[in-house]
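By convention in this document, chain letters (A, B, ...) are assigned in the order of the sequence lines, proteins followed by strands, and residues within each chain are numbered from 1.
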Number of protein chains: 2
Amino acid sequence: MAKGTLPSSGGLSAKAPEERRERILRATVDVVRTRGFAGARVSDIAEAAGTSQGLVLYHFHSLDGALDAALTLLEDEFYDDLARDLQEQAGAVQRLRHMADLGAGLGPAVGDWRLWLELWVRALHDPGARETRESLDRRWRTSLREVISEGVAAGDFAPADAEAAVIRLASLMDGLAIQLALDDPDMTTQRLADLWWDAAILELRMPH
Amino acid sequence: MAKGTLPSSGGLSAKAPEERRERILRATVDVVRTRGFAGARVSDIAEAAGTSQGLVLYHFHSLDGALDAALTLLEDEFYDDLARDLQEQAGAVQRLRHMADLGAGLGPAVGDWRLWLELWVRALHDPGARETRESLDRRWRTSLREVISEGVAAGDFAPADAEAAVIRLASLMDGLAIQLALDDPDMTTQRLADLWWDAAILELRMPH
DNA sequence: AGGCTACCTGAATGAGCGTTCAGCACGGAC
DNA sequence: GTCCGTGCTGAACGCTCATTCAGGTAGCCT
């Protein structure tokens, strides 16, 4: 209806369908964020996107299709954000510090940790989600590994076991983030960033 | 039917209903373990317990009631197992080492980590689950805190910041366990225990 | 014996929800 | 103009599943 009233406003009309699709994708992410994968309904998505249920299915074939597409979008954005953000930082120490902030949610990147929790549980039962979360994890760990290597080469870090440090620091971030995601009263983004940074100092034998 | 054929075999008949209830509870835990909270159906529970759907609802009023009861059972057993297991160990170092094994799933206690993952996500949306998981977390952290205090008093540990060490070691266990729960090919129970133990050495400045 | 209560069952009920579908609007091709 | 493909909608359709319920059995009290 609203579309019919604005039929010929330039070449935008050709892009309109794609915009709709995009809007539905965003809405799907939002719904998963608030309702969870298990609680996401086609009607929720349609309402959040301001469209009909039919259109959601028209674009994505099924509810699972929409959820999968949202997952893929999330993965791509996560990686793009991460890569871009890290490139802006100079030096291994700066980059590592930035990763602490990113993980804590202080920075612009890295979507809500609640989504990650949801992804983990979905991965327990859904092969596609499993792959996505493994890929996500691998990318994060790879970035961490590169930063640490860089720091070792530059003489900033001197870890006893670099690979173990990578896994532990990545895992620690996950574990701390759980409390953040669950609104544990003892955890804040700042505290998370500090706790993780101190662990990094310990693991990497940084002179501080 | 099977019950009708064995009517008067001693005083056990009086306990039979309670046994049935217990069986359903166990079945509920099993179903959650395999299907997840979101995928658990009354029919699954009934089938796993070898009873009718009606009886599940008779004893627990609703599906959610059964799930909640299973959660409570899990929490109680977790704590009992943990307390008993730790009491058997002598000295802070032994106890800490044992916690590494327990968390990794090498010991007898601590149910499947998949259940914990499920619990976390349920806690995102269900207040009861949130309370259970907070209680569980608190208990585990308290045990860890006590062991560390004991070790500090005995001169075994010398952490720079004992409270930060508690939170980090507890969180690290969670983070490592996620990979175990998700069958990450890079993670095994032994590796988890080793990685955690090395982190403890680092955090607590243990002489090794 | 008669009745009361706890335990248990299988079928029926009804709500919620994913998916399908008949059809409308519209813009471009011819 | 007519035709046709794409985008889109709202109303069914049909299935799954939690919950209800009428009834059946067995022990226990009086």
Side-chain angles (χ1 to χ4, degrees), chain A residues 1-28 31-32 34-70 122 125-126, chain B residues 1-25 27-28 31-32 34-70 122 125-126 128:
Chain A
M1 292 284 266
K3 187 133 299 296
T5 60
L6 297 171
S8 57
S9 53
L12 285 179
S13 59
K15 207 170 53 182
E18 196 50 41
E19 279 176 0
R20 291 278 250 178
R21 199 189 128 99
E22 174 82 9
R23 194 126 58 102
I24 292 174
L25 221 39
R26 297 283 166 199
T28 305
V31 169
V32 172
T34 58
R35 299 259 207 288
F37 275 107
R41 309 273 164 257
V42 175
S43 58
D44 295 330
I45 297 172
E47 188 182 4
T51 70
S52 66
Q53 296 191 25
L55 190 61
V56 176
L57 278 300
Y58 174 78
H59 278 301
F60 297 101
H61 180 61
S62 71
L63 173 60
D64 264 324
L67 295 177
D68 286 349
R122 187 172 168 88
H125 308 106
D126 176 79
Chain B
M1 291 284 264
K3 186 133 300 295
T5 60
L6 297 171
S8 56
S9 53
L12 284 180
S13 58
K15 208 168 53 184
E18 196 50 39
E19 279 176 4
R20 289 280 247 176
R21 199 190 127 99
E22 173 83 9
R23 195 126 58 101
I24 293 173
L25 220 40
T28 305
V31 170
V32 171
T34 58
R35 299 258 207 287
F37 275 106
R41 308 272 164 259
V42 174
S43 58
D44 296 331
I45 296 172
E47 188 182 6
T51 70
S52 66
Q53 296 191 26
L55 191 60
V56 176
L57 277 300
Y58 174 78
H59 278 302
F60 298 101
H61 179 62
S62 71
L63 173 61
D64 264 324
L67 296 177
D68 287 349
R122 181 159 230 251
H125 307 105
D126 176 79

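If you take CZ of B:R21 and P of C:dC7, they are 10 Å apart, rounded to a whole angstrom. Computed from coordinates, the B:E19 CD to C:dC7 C1' distance equals 14 Å when rounded to whole Å. When rounded to the nearest whole Å, the span between CZ of B:R35 and P of D:dT16 equals 14 Å. Between A:E47 atom CD and D:dT9 atom C1' the separation is 16 Å, expressed in whole Å. Protein atom CZ of A:F60 is 11 Å distant from nucleotide atom P of D:dC8, rounded to whole Å. What separates CD of B:E18 from P of C:dA6 is a distance of 15 Å, to the nearest Å. A straight line from CD1 of B:I45 to C1' of D:dC17 spans 12 Å, rounded to a whole angstrom.
Atom CG in A:D126 sits 6.5 Å away from atom CG in A:D64 (nearest 0.5 Å). The distance from atom CD1 of B:I45 to atom CG of B:L55, rounded to the nearest 0.5 Å, is 11.5 Å. We find the CG-CD distance between A:L63 and A:Q53 to be 10.0 Å, quoted to the nearest 0.5 Å.
Regarding contacts with the backbone of D:dT16, every side-chain N or O of B:R41 stays at 4.0 angstrom or more from both OP1 and OP2. Applying the 4.0 Å criterion to OP1 and OP2 of D:dA18, one finds that B:H61 has every side-chain N and O outside that range. Applying the 4.0 Å criterion to OP1 and OP2 of D:dC8, one finds that A:R20 has a side-chain N or O inside that range.
Listed nucleotides D:dG7, C:dC8, D:dT19 differ in distance to B:S62; the shortest reach to its side chain belongs to D:dT19. In the set D:dT19, C:dG18, C:dC7, D:dT19 carries the atom at the smallest distance from any side-chain atom of B:L63.
Salt bridge B:R23/B:E19: absent, no basic N to carboxylate O contact under 4.0 Å.
Applying the salt bridge (Lys or Arg N to Asp or Glu O under 4.0 Å) test to pairs two or more places apart or on separate chains, those with a residue in residues 43-60 of chain B are B:R35-B:D44. Contacts classified as salt bridge (Lys or Arg N to Asp or Glu O under 4.0 Å) and involving residues 49-58 of chain A (residues at least two apart or in different chains) are not found.
Residue contacts for A:A40: at a heavy-atom cut-off of 4.0 Å it reaches the sugar-phosphate backbone alone, with no base atom in range.
Closest approach of B:A69 to B:F60, counting heavy atoms only: CB-CE2, 3.8 Å.
The stretch residues 49-58 of chain B touches DNA chain C through B:T51, B:S52, B:G54, B:L55, B:Y58, each having a heavy atom within less than 4.0 Å of the strand.
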